[in-house]
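Data block below; observations after.
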Amino acid sequence: MISVFIFTAIAAASYLLGSIPAGYLVGRIAGMDIRSVGSGNIGATNVTRVLGKRYGYPVFVVDFLKGVLAVVISIFLAKHAQLRSTSRELLGVVAAVSCVMGHTFPIWLGFKGGKGVATSAGVLFGLMPLAALLGAVVWIFTFETTRYVSVASITAAIALPLAVLVMTYARQTNEWVPFYLCLCLATVVIFRHRSNFSRLVRGTEPRCKRK
């Protein structure tokens with residue numbers, strides 16, 4: 001009964017933490033509704049394009065930290081409640097998915113939020129730092145090659161579950177929870193980038209210029 005309560009509470013708290021719309025709030029501070037300019041997204045990429053790095057980078061940091069905090073808090077509570085290792089891992093996954101869903105579908109903005117890249121990176125760094133680091137390397141390499149944030153994000157999202165799958169086989173373990181988590185997060189990120197696919201096909205997707 002206690003475990004059910006803890007899982008439910010963590011899921012709800014992680015969703016609410018993830019649903020804090022940093023990009024929207026920063027836009028309001030700057031005197032605009034970020035949803036009405038640029039791509040209309042509240043994520044760090046659109047904020048950076050519209051308002052510059054001064055506003056965009058803090059949004060990325062906040063969105064990233066939301067993911068890290070959700071996982072760290074869940075792990076702390078799991079240890080405090082003396083849950084079994086399997087339950088702790090599952091609780092971390094519940095917190096991770098709930099946080100990303102909160103960011104992507106925030107209740108405060110009519111369930112229309114960001115694309116989940118920064119928050120997904122945060123939960124992954126909290127749960128599996130090595131896999132997250134590999135994903136970051138893929139993102140940076142792809143971005144530097146194409147100058148498309150969307151292409152880099154989609155490529156990293158696809159690479160992560162593949163990397164975790166290879167690591168699982170290499171270690172000869174049956175711990176499939178991290179793989180399924182990455183697969184779930186990749187699905188969310190790719191789904192949220194469906195408009196970018198259309199712009200890429202039409203050739204209207206904006207590139208980031210080198211400075």
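In terms of heavy-atom proximity, L51 sits nearest to A30 at CD1-CB, 3.8 Å. The nearest pair of heavy atoms linking V37 to V50 is CG2-CG1, 3.7 Å. Between L91 and A78, the closest heavy-atom pair is CD2-CB, 3.6 Å. Between L160 and A131 the shortest heavy-atom distance is CD2-O, 3.1 Å. Here the closest heavy-atom approach between residue L162 and residue I158 is recorded as CG-O, 3.5 Å. F111 and Y15 get closest at one heavy-atom pair: CE2-OH, 3.6 Å.
Between the CG atom in L183 and the CG atom in L165 there is a gap of 9.5 Å [rounded to 0.5 Å].
With a 4.5 Å cut-off on side-chain heavy atoms, F141 and T145 count as touching. A heavy-atom distance below 4.5 Å is found between the side chains of L200 and S150. Under the 4.5 Å side-chain criterion, counting only non-hydrogen atoms from C-beta, I42 is not in contact with V47. In this structure, R192 and V117 have side chains that are not in contact, with every pair of non-hydrogen atoms separated by 4.5 Å or more. L127 has its side chain out of reach of P178: every pair of non-hydrogen atoms, C-beta onward, lies at least 4.5 Å apart. Residues V26 and I34 fail the side-chain proximity criterion, which asks for heavy atoms closer than 4.5 Å.
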In sequence, state the C-alpha distance, the side-chain angles, and the governing distance for L134 and M167, and then conclude on side chain to side chain contact (heavy atoms under 4.5 Å, CB included).
CA-CA 11 Å; L134 290 174; M167 291 167 61; 4.3 Å; yes
Set out, in order, the CA-CA distance, both residues' side-chain angles and the distance that settles side chain to side chain contact (heavy atoms under 4.5 Å, CB included) for Y24 and I29, then state yes or no.
CA-CA 9 Å; Y24 173 79; I29 291 173; over 6 Å; no
For F64 and V68: C-alpha separation, side-chain torsions, deciding distance, then whether side chain to side chain contact (heavy atoms under 4.5 Å, CB included) applies.
CA-CA 7 Å; F64 178 85; V68 175; 3.7 Å; yes
Take K115 and S153 through the side chain to side chain contact (heavy atoms under 4.5 Å, CB included) test and state the conclusion after the steps.
CA-CA 10 Å; K115 296 181 179 177; S153 300; over 6 Å; no
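No donor-acceptor pair under 3.5 Å is formed between the side chain of K53 and the backbone N or O of T48. Listed for the R35 side chain is no donor-acceptor partner under 3.5 Å among the backbone atoms of G113. In terms of modelled atom types and a separation under 3.5 Å, the side chain of T119 and the main chain of G116 share no donor-acceptor contact. Side-chain atoms of N41 never come within 3.5 Å of backbone atoms of N46 as a donor-acceptor pair (strictly under, hydrogens ignored). In this structure a side-chain-to-backbone donor-acceptor pair under 3.5 Å is missing from S98 to A95. Side-chain N or O atoms of T104 include none that pairs as donor or acceptor with a backbone N or O of M101 at under 3.5 Å. For R199 (side chain) and T204 (main-chain N/O), no donor-acceptor pair under 3.5 Å exists by modelled atom type. A donor-acceptor pair is defined here as one N or O able to donate and one able to accept, closer than 3.5 Å; no such pair exists between the side chain of R49 and the backbone of G38.
W139 and T155 share no donor-acceptor pair across their side chains, judged by distance under 3.5 Å alone.
Taking the ring centre of F191 as origin, the terminal cationic atom of R194 falls inside the region bounded by 6.0 Å and 45° from the ring axis.
Counting non-hydrogen atoms of neighbouring residues, nucleotides and ligands closer than 6.0 angstrom, the CZ atom of R28 exceeds 12 such neighbours.
Each of V123 and I190 belongs to its own hydrophobic cluster when Ile, Leu, Val, Met, Phe, Trp and Tyr are linked at side-chain heavy-atom distances under 4.5 angstrom. One hydrophobic cluster, built from ILVMFWY side chains closer than 4.5 Å, holds both I10 and F7. Taken together through direct or relayed side-chain contacts under 4.5 Å among Ile, Leu, Val, Met, Phe, Trp and Tyr, V97 and V100 form part of one hydrophobic cluster.
A side chain to side chain contact (heavy atoms under 4.5 Å, CB included) with H193 is found for exactly one of V149, I154, V188, namely I154.
The pair R202-E205 does not count as a salt bridge, with every side-chain nitrogen at least 4.0 angstrom from each carboxylate oxygen.
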